[in-house]
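Here the structure is laid out as structure tokens; the discussion comes afterwards.
Order of listing sets the numbers, starting from 1, for every ligand and every atom in it.
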Amino acid sequence: MNNGTTTSGLTFDVQLSAQRRTPQERAQLLDNPGFGNVFTDHMVTIAYEEGKGWYDARLEPYGPLTLDPATAALHYAQEIFEGLKAYRHPGGEVACFRPEANAARFNRSARRMAMPELPEELFLGAIETLLAADAQWIPTQPNSSLYLRPFMFATDVGLGVNNPSRSYRFVLIASPSGPYFSGGITPVTVWLSEDYTRAAPGGTGEAKFAGNYAASFLAQAQAVDQGCDQVVWLDAVEHRWVEEMGGMNLFFVFGSGDDARLLTPALTGTLLPGITRDSLLTLAPELGFAIEEGRLSTDEWRRAAEAGELTEVFACGTAAVITPVGRVKSRTGEFTMGDGGPGPVTMGLREELVALQYGTRPDTHGWVRTFG
Ligand code: PLP
Ligand code: COI
């Protein structure tokens with residue numbers, strides 16, 4: 001493989017692993033990978049230092065990072081990440097869905113966490129370099145893909161907390177993955193979290209910041225205790241406006257057939273601006289559905305579902321794609337969406353989105369980027 005120079009002048013130094021898994025070992029691992037459990041043979045790393053900028057871009061064998069115990073990220077959680085997928089298209093091309101949008105969001109998260117921005121060409125160059133080495137790890141079973149996890153963390157050594165770190169490391173790893181929920185696209189049951197808050201106005205909710213996820217695990221454990229798959233977060237002030245799920249945005253479908261209309265919670269600064277959400281805001285009107293960014297209270301959610309006005313609810317995100325929500329539970333009881341099964345609007349949108357991602361429908365939006 002050739003080393004490529006980016007327009008920022010950095011060249012990815014390529015060190016191929018001497019311990020790449022054999023085709024047989026890879027085939028075995030790709031057989032039933034689950035989500036986020038199996039990793040490819042390589043990773044990309046790029047270092048940053050204030051005054052010097054980004055340097056030392058390399059592809060190297062996947063393996064442990066050696067860190068000083070006083071590394072800033074381990075103490076003060078200056079860490080951000082992204083999630084996107086690589087797909088094998090029918091003609092054999094390797095493609096990602098809107099990776100430029102992930103690069104842009106990564107930099108918005110970086111600004112919020114007082115971290116340096118990574119030029120888009122380095123973000124995309126890292127993906128290209130890793131895919132050139134590890135494209136055979138893209139699974140080809142239905143609903144499978146290579147999940148890409150770019151992240152960046154503070155590497156200053158020392159416990160002072162007065163200033164952000166002056167050095168950082170960017171890393172990209174890749175994980176061949178099947179569906180995020182083990183049930184595939186069977187509807188999930190969700191728990192309304194009235195005890196905990198994910199994000200408050202002025203906080204870090206719209207950044208893809210590791211700490212947001214750390215803060216969510218207790219509520220997620222509570223959801224599981226209640227027999228639910230996922231937690232639904234409410235606003236921090238009144239605890240009544242629906243925001244999003246642990247790693248997905250939400251859409252509500254009112255009515256049915258040609259009269260169906262969709263509502264998704266508006267981006268108030270406390271939600272993660274999902275790229276899937278944004279794509280659906282374009283795709284839904286193209287399929288003839290009215291769509292609105294607004295707000296929905298938990299009382300209205302329940303009333304409209306029980307009255308039969310709210311017919312479907314679904315969650316969407318890179319990992320979860322589009323997953324129907326069948327049932328909602330809270331301290332005050334539980335209720336069902338429609339007949340509890342996947343609804344036609346949900347499944348129609350899912351089919352459209354997946355066809356674009358997997359390259360079985362022409363990309364009329366300029367969303368697909370091929371590599372290699
Ligand atoms: N909300 C949260 C908290 C997330 O972690 C994610 C996943 O990235 C999403 C929503 C959906 O975002 P996207 O569609 O860009 O994957
Ligand atoms: C994603 O969809 O990429 C996510 O980040 C969700 C979850 C795996 C954290």
Side-chain angles (χ1 to χ4, degrees), residues 33-39 79-87 96-109 112 123 127 143-152 172-182 188 190 193 196-200 203-217 219-220 223 229-236 242-251 264-284 293 313-323 325 349-350 352-354 356-357 367:
F35 182 88
N37 304 319
V38 173
F39 298 93
E79 203 265 350
I80 59 169
F81 70 98
E82 267 304 322
L84 71 163
K85 288 171 168 174
Y87 308 88
C96 288
F97 187 71
R98 305 186 67 186
E100 302 83 359
N102 293 93
R105 188 171 63 189
F106 195 63
N107 283 337
R108 290 199 303 275
S109 300
R112 175 62 184 86
F123 187 94
I127 294 174
N143 301 317
S144 297
S145 56
L146 185 63
Y147 182 77
L148 303 174
R149 171 54 62 87
F151 60 103
M152 191 214 305
L172 171 65
I173 56 175
S175 175
S177 292
Y180 185 67
F181 291 108
S182 55
V188 294
V190 297
S193 183
Y196 301 105
T197 298
R198 174 182 177 275
T204 57
E206 67 184 348
K208 214 158 157 58
F209 156 58
N212 291 341
Y213 298 81
S216 75
F217 291 133
Q220 177 62 24
D229 302 283
Q230 273 280 321
V231 58
V232 169
W233 294 105
L234 308 178
D235 75 289
V242 178
E243 297 220 313
E244 60 175 325
M245 307 224 305
M248 291 141 240
N249 294 114
L250 279 166
F251 280 78
T264 189
L267 300 177
T268 54
T270 52
L271 283 71
L272 192 85
I275 295 160
T276 319
R277 173 191 182 279
D278 185 68
S279 307
L280 293 174
L281 286 172
T282 298
L283 291 179
E293 295 175 87
V313 177
F314 63 85
C316 70
T318 299
V321 194
I322 289 183
T323 300
V325 173
L349 283 167
R350 186 187 157 94
E352 189 72 19
L353 177 71
V354 166
L356 291 171
Q357 292 173 334
W367 284 343

Short list, please: which atoms of ligand 1 are under 4.0 Å from a heavy atom of [X]?
{"X": "G246", "answer": "3 (C)"}
{"X": "T276", "answer": "13 (P), 14 (O)"}
{"X": "G317", "answer": "11 (C), 14 (O), 16 (O)"}
{"X": "R198", "answer": "3 (C)"}
{"X": "Y213", "answer": "2 (C), 3 (C), 4 (C), 5 (O)"}
{"X": "R105", "answer": "12 (O), 13 (P), 15 (O)"}

| request: Give the C-alpha distance, both sets of side-chain angles, the deciding distance and a yes or no for salt bridge (Lys or Arg N to Asp or Glu O under 4.0 Å) between R198 and E244. | output: CA-CA 10 Å; R198 174 182 177 275; E244 60 175 325; 2.9 Å; yes
Just to confirm my output: which protein heavy-atom neighbour is closest to [atom], and how far is it?
{"atom": "atom 12 (O) of ligand 1", "result": "G274 CA, 3.3 Å"}
{"atom": "atom 16 (O) of ligand 1", "result": "T318 OG1, 2.6 Å"}
{"atom": "atom 2 (C) of ligand 1", "result": "E244 OE1, 3.4 Å"}
{"atom": "atom 9 (C) of ligand 1", "result": "G247 O, 3.4 Å"}

So, for [X] and [Y], which heavy atoms are closest and what is the spacing to 0.1 Å?
{"X": "S145", "Y": "K85", "answer": "OG-CD, 3.1 Å"}
{"X": "Q220", "Y": "D229", "answer": "NE2-O, 2.9 Å"}
{"X": "N102", "Y": "G83", "answer": "ND2-O, 3.2 Å"}

If you define the side chain from C-beta out and look only at heavy atoms, does anything of [X] sit under 4.5 Å from [Y]?
{"X": "L250", "Y": "V313", "result": "yes"}
{"X": "F181", "Y": "Q230", "result": "yes"}
{"X": "F151", "Y": "I173", "result": "yes"}

| Rounded to the nearest 0.5 Å, how far apart are SG of C316 and CD1 of I275? | 11.0 Å
| said: Distance check, rounded to the nearest 0.5 Å: S177 atom OG versus F39 atom CZ? | reply: 7.5 Å
| query | Of K208, R108, M152, which is the lone residue that meets side-chain contact (heavy atoms from CB on, under 4.5 Å) with I80? | reply | M152
| request: For K208 and ligand 1, answer yes if some heavy atom of the residue is under 4.0 Å from a ligand atom, otherwise no. | output: yes
| request: Go through E206 and R112 one step at a time and tell me if the salt bridge (Lys or Arg N to Asp or Glu O under 4.0 Å) criterion holds. | output: CA-CA 9 Å; E206 67 184 348; R112 175 62 184 86; over 6 Å; no
| said: Just checking F35 against Y147, ring centres under 6.0 Å apart? | reply: yes
I'd like the atom pairs linking ligand 2 to the protein - N or O on both sides, separation under 3.5 Å - with distances to 0.1 Å.
residue: ligand 2; atom: 2 (O); partner: A319; partner atom: N; Å: 2.8
residue: ligand 2; atom: 3 (O); partner: Y147; partner atom: OH; Å: 2.6
residue: ligand 2; atom: 5 (O); partner: K208; partner atom: NZ; Å: 2.6

| task | Heavy-atom distances under 4.0 Å are what count here, so tell me which part of M248 touches ligand 1: side chain, backbone, both or neither. | result | backbone
